[in-house]
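Here the structure comes first, spelled out in structure tokens, and everything after it is commentary.
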Number of protein chains: 2
Amino acid sequence: MSRDLDIRVCIIEDDETIREGYVYLIGNTPGYKIAGSHASFEDAAKRIAAEDPDVVLLDVELPGISGIDALPKIKKLVPEAYILILTVYEQDMLIFRALGNGASGYLTKNTPPEKIISAIQEVMEGGGPMSAHIARMVITSFQRNEASPLTRRETEILEQIATGKSRKRIAQELFIDLETVKSHIKNIYHKLNVHSKADAIKTAKDNKFI
Amino acid sequence: MSRDLDIRVCIIEDDETIREGYVYLIGNTPGYKIAGSHASFEDAAKRIAAEDPDVVLLDVELPGISGIDALPKIKKLVPEAYILILTVYEQDMLIFRALGNGASGYLTKNTPPEKIISAIQEVMEGGGPMSAHIARMVITSFQRNEASPLTRRETEILEQIATGKSRKRIAQELFIDLETVKSHIKNIYHKLNVHSKADAIKTAKDNKFI
DNA sequence: CGATACTCCCCCCAATCAGGTTATTTTTAA
DNA sequence: TTAAAAATAACCTGATTGGGGGGAGTATCG
């Protein structure tokens, strides 16, 4: 089999046992090869460009600079590589920061070996591999709160306000009077118990009303 | 095996061949049973509450009311059920509207039968099953444009503006002078070629600068 | 019928926003 | 180590917006 067609994988993981486990797994799977293996981003930074990986497996809890903060830097060093996050944590904040920073997938460390291999293949084929709970959290992040106290119109107007539009412009675009928009806004503020745009937007977003 | 522990699945799909295929598949898989099978939302609406499904397989392109618009109504009729979208289309707009309307998973119709069964199981166990390309699109939606013309500070300030905060408040929270905030905003407007908050936010969001 | 939603009107005034120009200091990259 | 880029701050002007108070008419729907 032509070694040149193997998928080149780079591992950045500080725990030696886990790291060697991945090295063994990937090194012994036909079609895959280890392009590099590092215990920290600082180590990886020096050589990762030369290693030219197709996929980077990145631990989030690294010594020194964290995996999440390392993400954009790795992207700059190897822009064509896909980065898969490996972590024991399942916190929303970390997930969304990782995805926002350029991760192409997010796996928890209890993922069985064969799933890790299939995740690497999946990301190479245009997929976005995620562990089940992660995927659920990602999907949930899109969902609205059905118990919103706001009416349809109020929600619509608050969404417009959240885009930075002035009341006058909102009135024009919704074909209603400026005074009507003001009325709705007063009602929104009362319902959400706030006294400003910013607070209304924050409360509404926190509660997924918009 | 106790029928009472079977996962109850309801199918809403107008194409009879496909629908019967799913009925056959699920009806003949141990642990699963057909709770209902309908060719349109209008049909389903009458009986779905009584059928008490655990999972609803929903086609997006239905005659009459579309699957996406039917979603919130189904949620009201069977609030505890998980809804999985089935579609031949892979358009961003449809995906995000479906997820926003309460879908718990999104599968393309070329999904092999065994994957459909595992998706049903996955959603019951707290996962968020998605076809590979869908997952990629969802992940991509979180990602920033690395070619943003805005500096880090400008991006930060524009994000704050997008939350509805006033310039004065932004200045206070970032521990800088109001005049500095104004300077940054002027630079942002020049770079984005806009003349208002709303236009800056729109341009920045369209281009994934924020 | 009464509740809810949507619409519109009047008042007031402080605060904010947009634009122009210049200039210093700090940070980053070549 | 030097030049460029980014972040900071100042002064000016004028128009627009935002928040709060009150009241009131018209649908729609169960």
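Computed from a predicted structure; not experimentally measured. A, B, ... follow the sequence lines: proteins, then strands. Residue 1 opens every chain. Both backbone and side-chain heavy atoms feed into the values below; hydrogens, waters and symmetry mates do not.
- OP1 and OP2 of D/dA6 both lie 4.0 Å or more from every side-chain N or O belonging to B/Arg152.
- Straight-line distance from the CG atom of A/Leu178 to the P atom of D/dG19: 13 Å, rounded to whole Å.
- Separating the CG atom of A/Leu158 from the P atom of D/dG19 is a distance of 11 Å, rounded to the nearest angstrom.
- When the local axes at the two ends of the helix from C/dC1-D/dG30 to C/dA30-D/dT1 are compared, using 5 base pairs at each end, they differ in direction by 80° after rounding to 10°.
- For the pair A/His190 NE2 and D/dG22 C1', the interatomic distance rounds to 11 Å; values are reported in whole Å.
- One distance of note links CG of B/Leu107 with CD1 of B/Ile134; it measures 8.5 Å at 0.5 Å rounding.
- Residue A/Thr151 is the one, among A/Thr151 and B/Ser196, whose nearest nucleotide of DNA chain C lies closer to the 5' end (criterion: closest heavy atom).
- Here the nucleotide nearest the side chain of A/Ser183, chosen from D/dG23, D/dA9, D/dT17, is D/dG23.
- Taking atom CD1 of residue B/Ile185 and atom C1' of nucleotide D/dA7, one finds them 14 Å apart after rounding to whole Å.
- Note: CD (B/Glu154) to C1' (D/dA5) measures 11 Å, nearest angstrom.
- In this structure, of D/dT8, D/dG20, D/dG19, it is D/dG19 that holds the atom nearest to the side chain of A/Lys197.
- Taking only distance into account, the side chain of A/Lys186 meets the base of D/dG21 through a donor-acceptor pair shorter than 3.5 Å.
- Side-chain contact between B/Ser141 and B/Asp92: absent, with no pair of heavy atoms (C-beta onward) separated by less than 4.5 Å.
- For the side-chain contact (heavy atoms from CB on, under 4.5 Å) criterion with B/Asp59, the lone passing option out of B/Val88, B/Ile18, B/Ile12, B/Asp14 is B/Asp14.
- Proximity of A/Thr87 to A/Tyr106: side-chain heavy atoms (C-beta onward) are separated by under 4.5 Å at one or more points.
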For a quick test of your reading: what N or O donor-acceptor pairs under 3.5 Å do the side chains of residues 49-58 of chain A make, sequence neighbours left out?
{"unit_1": "A/Glu51", "atom_1": "OE1", "unit_2": "A/His38", "atom_2": "NE2", "d": "3.1"}
{"unit_1": "A/Glu51", "atom_1": "OE2", "unit_2": "A/His38", "atom_2": "NE2", "d": "2.9"}
{"unit_1": "A/Asp54", "atom_1": "OD2", "unit_2": "A/Arg8", "atom_2": "N", "d": "2.8"}

Could you go through A/Leu158 and A/Leu192, starting from their C-alpha distance and side-chain angles, then the distance that decides it, and tell me whether this counts as side-chain contact (heavy atoms from CB on, under 4.5 Å)?
CA-CA 11 Å; A/Leu158 190 50; A/Leu192 302 187; 4.1 Å; yes
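- Projected onto DNA chain D by closest heavy-atom contact, A/Glu179 and A/Lys165 fall at different nucleotides, the more 5' of which corresponds to A/Lys165.
- Using a 4.0 Å heavy-atom criterion, one finds that B/His184 contacts the bases of the nucleic acid, with or without backbone contacts as well.
- Note: NZ (A/Lys182) to P (D/dA24) measures 18 Å, nearest angstrom.
- For A/Asp177 and D/dT26, the CG to C1' distance is 16 Å, given to the nearest whole Å.
- Rounding to the nearest 0.5 Å places CD1 of A/Ile26 at 5.5 Å from CD1 of A/Ile117.
- Toward the 5′ end of DNA chain D lies the nearest nucleotide of B/Leu174, the other residue of the pair B/Leu174 and A/Val194 mapping further downstream.
- At least one side-chain nitrogen or oxygen of A/Arg167 sits closer than 4.0 Å to the OP1 or OP2 atom of D/dG19.
- Heavy-atom contacts of chain B under 4.0 Å fall on DNA chain C between two terminal nucleotides, which in 5' to 3' order are C/dT16 to C/dT21.
- For B/Asp206 and B/Lys202, the salt-bridge test passes: some basic side-chain N is under 4.0 Å from an acidic carboxylate O.
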Walk me through it: do B/Phe142 and A/Phe142 pass the test ring pair (Phe, Tyr, Trp, His ring centres under 6.0 Å)?
CA-CA 11 Å; B/Phe142 287 98; A/Phe142 286 98; 5.8 Å; yes
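- As rounded to whole Å, 19 Å separates atom C1' of D/dG19 from atom NZ of A/Lys191.
- In this structure, B/Thr180 reaches the D/dA9 phosphate: one of its side-chain N or O atoms is under 4.0 Å from OP1 or OP2.
- Within the nucleic acid shown, A/Lys168 comes within 4.0 Å of sugar-phosphate atoms alone, with no base atom in reach, counting heavy atoms only.
- In this structure, CG in B/Asp43 is found 10.0 Å from CG in B/Leu62, a value given to the nearest 0.5 Å.
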